[in-house]
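A quick note: this is a predicted structure, and the numbers were derived from the prediction, not measured. Letters A, B, ... are given to chains in the order of the sequence lines, protein chains preceding strands, and every chain is numbered from 1.
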2 protein chains.
Amino acid sequence: MRPKLTDVAQRAGVSATTVSRVINNYGYLSQATKDKVFAAIKELNYQPNSLARSLHGKKTQLIGVIFPSLSNPFFAELVEQIEKRLFQADYKTILCNSADDPEKERNYLRMLMANQVDGIISGAHNLGIAEYDNVGLPIVSFDRKLSNNIPIVSSDNYHGGSLAVKELYQAGARHIYFLGSFHEAANPTDNRLLGYRAMIDQLGLSSHVHALNFKESPNLKLVSIQKLLQTKLADGIVCTDDLTALLVLRCAKELGLKVPEQLKVIGFDGTDFIQSYHPELSTIVQPIPDIAALLVDLLSKRIDQPDQKLEQLQYILPVKFLRSNSLLF
Amino acid sequence: MRPKLTDVAQRAGVSATTVSRVINNYGYLSQATKDKVFAAIKELNYQPNSLARSLHGKKTQLIGVIFPSLSNPFFAELVEQIEKRLFQADYKTILCNSADDPEKERNYLRMLMANQVDGIISGAHNLGIAEYDNVGLPIVSFDRKLSNNIPIVSSDNYHGGSLAVKELYQAGARHIYFLGSFHEAANPTDNRLLGYRAMIDQLGLSSHVHALNFKESPNLKLVSIQKLLQTKLADGIVCTDDLTALLVLRCAKELGLKVPEQLKVIGFDGTDFIQSYHPELSTIVQPIPDIAALLVDLLSKRIDQPDQKLEQLQYILPVKFLRSNSLLF
DNA sequence: AAAAATATGTCAATCGTTTATCAATAAATT
DNA sequence: AATTTATTGATAAACGATTGACATATTTTT
């Protein structure tokens with residue numbers, strides 16, 4: 001049986017009240033008593049039961065972190081950073097992989113409420129506004145517009161999209177395609193497409209969009225990409241993510257298309273993984289650590305001051321362009 | 001304010017006891033009452049406060065999942081699978097990234113205890129036996145020998161190591177190197193090295209081990225690999241993980257070494273990611289879904305029957321060899 | 001009509017901790 | 001010596017749900 005507060009009291013030879021006073025640091029306390037109590041706590045390896053504390057209105061220090069996948073390095077690294085920041089802020093991470101399954105996501109929301117989490121960080125989810133509003137908890141969102149009460153953090157997708165085009169153009173590409181997945185809803189991610197179009201227009205080029213279904217397997221995507229590359233119409237491709245860009249590079253190689261001479265490619269995300277293991281890929285780098293830090297920071301504030309009005313609904317973080325061999329040589 | 005049990009009772013026009021009976025499904029209950037109560041629960045969107053329930057001895061349905069990293073696709077996929085299985089078993093995952101930091105891991109153990117988790121899945125951790133034994137909770141381990149009370153699940157690393165050598169040999173390699181990181185402790189992972197040595201001996205070859213520090217950055221590893229490849233002594237390399245193998249492939253390309261003609265390479269892990277995005281890499285595939293399923297299964301049993309003696313301390317799951325271009329063409 | 005089974009309610013204790021209130025004692029200050 | 005101030009304790013009421021004991025009423029069975 002785990003020791004409880006009264007055990008500590010007995011061991012230290014003080015009252016339960018005093019032990020609680022020491023733990024919660026309030027009221028008058030002599031150094032001698034504190035020492036005795038801390039010693040007893042150490043000896044018994046005592047940990048206050050956080051269930052009982054939270055039942056009393058103290059925070060649970062639990063945060064639900066909802067993401068659609070971990071096998072995508074971008075989400076893996078983002079979740080890793082979020083967990084790190086949450087830990088530093090003395091929060092624990094309940095990992096909720098929504099797996100693009102609305103039912104699972106709904107279930108998780110229920111569970112999180114039942115577990116009295118202090119707040120939720122939701123990344124690229126797939127439920128409606130109403131269900132998130134019903135939760136009645138501090139929430140911050142990554143890359144998805146939810147409701148007017150939920151702040152959104154995202155990278156500057158628009159600028160990323162247009163920057164990619166500009167870089168391809170400057171490297172000599174004139175037939176620049178947009179390749180990847182995007183939604184119809186007004187998601188921040190779709191701004192990559194808007195940025196692409198804007199820059200295409202500005203440069204007087206014509207836009208070409210080749211859609212991929214996000215949920216499809218890499219092999220199926222590959223088939224679609226092959227079809228695109230075989231036409232040999234494109235000399236530059238803006239990909240909506242780095243993994244797609246890798247498929248393009250592979251496909252180009254198989255078709256004997258020289259990169260970057262005949263085909264220039266830019267990805268999106270720029271994870272550490274890609275930078276380390278595919279340094280040949282040019283990409284638009286999202287500031288993952290900053291995104292994580294901001295999400296945690298905003299959520300902390302929402303938790304500590306739930307009544308404070310939102311100063312800002314949208315937080316857009318700058319992206320960087322990482323030039324590499326897939327573009328110039 | 002979130003509705004509570006008494007609110008439901010009031011709404012349904014029954015007593016609190018009856019509501020509790022309905023929720024916990026015991027005692028005599030008419031269908032009519034059940035319907036009324038369920039209706040009230042729905043209307044109020046009521047969720048029993050799991051803190052209060054657990055304080056009564058009910059399980060928290062929380063599991064601590066401790067892993068050293070998410071940015072490594074192997075761990076990301078393993079954690080993803082574990083989360084999936086835990087969810088199916090109605091458990092929630094508290095993600096603990098130990099980040100190879102003993103202090104952080106220690107902190108997490110404390111937190112998990114304070115949060116009354118039902119159990120812990122620990123993957124490749126870095127604390128001593130005593131500290132894990134003190135936790136006094138059901139624990140299962142991945143790839144690390146902890147104590148005699150903690151079952152270990154791992155892949156057949158020994159067979160994987162020897163299989164890799166055998167395949168390289170059959171493909172024509174005679175100077176087969178072992179490249180990667182291993183510990184001095186008797187960790188299951190080190191069996192890859194033992195398997196390598198055994199097969200090397202069996203084939204009458206001589207063994208060559210080139211060590212890499214697991215924690216070093218990819219760039220530093222690359223330097224070390226370059227040094228190895230420049231000697232041109234190896235015509236086959238067994239890597240302890242796929243990421244290292246990718247570095248070898250890159251390095252070989254840069255040095256103008258033809259793969260697989262001059263150099264044959266085998267990795268280890270065989271994540272979906274590698275299979276999808278690096279199909280050219282031959283590798284020893286760990287059965288990630290099976291590992292996850294077994295870990296969750298064993299833990300569930302430990303939780304439900306804590307007094308049952310362990311039938312088995314070690315569970316070794318079979319690996320598969322995935323042949324690809326880095327070996328034969 | 002009596003006995004048994006079914007259905008619901010009231011009441012109170014409990015889980016482990018927090019916290020307010022009231023007392024009591026010791027030490028420091030005037 | 002009187003008055004503050006500092007330090008600890010004892011007691012009890014919460015937090016929200018569970019559960020056992022007991023009472024009462026309604027049905028069903030014999």
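Using a 4.0 Å heavy-atom distance criterion, B:Ser15 is classed as a base contact. The residue B:Val19 sits apart from the nucleic acid: no heavy atom pair falls under 4.0 Å.
Checked by distance alone, A:Thr17 brings a side-chain donor or acceptor within 3.5 Å of a matching partner on the base of D:dT11.
D:dT19 atom C1' lies 14 Å from atom CG of B:Leu29, rounded to whole Å. Between A:Gln47 atom CD and C:dT17 atom C1' there is a gap of 14 Å when expressed in whole angstrom units. Between A:Leu5 atom CG and C:dG16 atom P there is a gap of 11 Å when expressed in whole angstrom units. Here the P atom of nucleotide C:dA7 and the CZ atom of B:Arg21 are 12 Å apart, to the nearest Å. Atom NE2 in A:His56 sits roughly 11 Å away from atom C1' in D:dA12 (whole-Å rounding). Rounded to an integer number of Å, the gap from CG of A:Asn24 to P of C:dT19 is 5 Å. Distance CD (B:Gln10) to C1' (C:dT8): 17 Å, rounded to an integer number of Å. Per the geometry, NZ belonging to A:Lys36 stands 11 Å off C1' belonging to D:dT7, to the nearest Å.
In terms of phosphate contacts, B:Tyr28 brings no side-chain nitrogen or oxygen within less than 4.0 Å of OP1 or OP2 of C:dA7. Residue A:Ser30 places no side-chain N or O under 4.0 Å from the OP1 or OP2 atom of D:dT7. Between B:Arg53 and D:dA17 there is no side-chain polar atom (N or O) within less than 4.0 angstrom of OP1 or OP2. Checking the phosphate oxygens (OP1, OP2) of C:dC15, no side-chain nitrogen or oxygen of B:Lys58 falls inside 4.0 Å.
Nearest-nucleotide assignment on DNA chain C puts the 5′-proximal partner with B:Val14, out of B:Val14 and B:Ala52. Toward the 5' end of DNA chain D, the nearer of the two residues A:Ala16 and A:Gly57, judged by each one's closest nucleotide, is A:Ala16.
Distance alone, capped at 3.5 Å, is enough to place a donor-acceptor pair between the B:Ser147 side chain and the B:Asn149 backbone. B:Ser54 places a side-chain N or O within 3.5 Å of a backbone atom of B:Ser50 that can act as its donor or acceptor partner.
For the residue pair A:Arg53/A:Asn24, the side-chain donor-acceptor check at 3.5 Å is satisfied.
Judged by the 6.0 Å and 45° rule, A:Lys4 forms no cation-pi pair with A:Tyr46.
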> Does the pair A:Val140 and A:Val153 meet the rule for a side-chain contact (heavy atoms from CB on, under 4.5 Å), with working shown?
Replying inline: CA-CA 8 Å; A:Val140 300; A:Val153 172; 5.8 Å; no

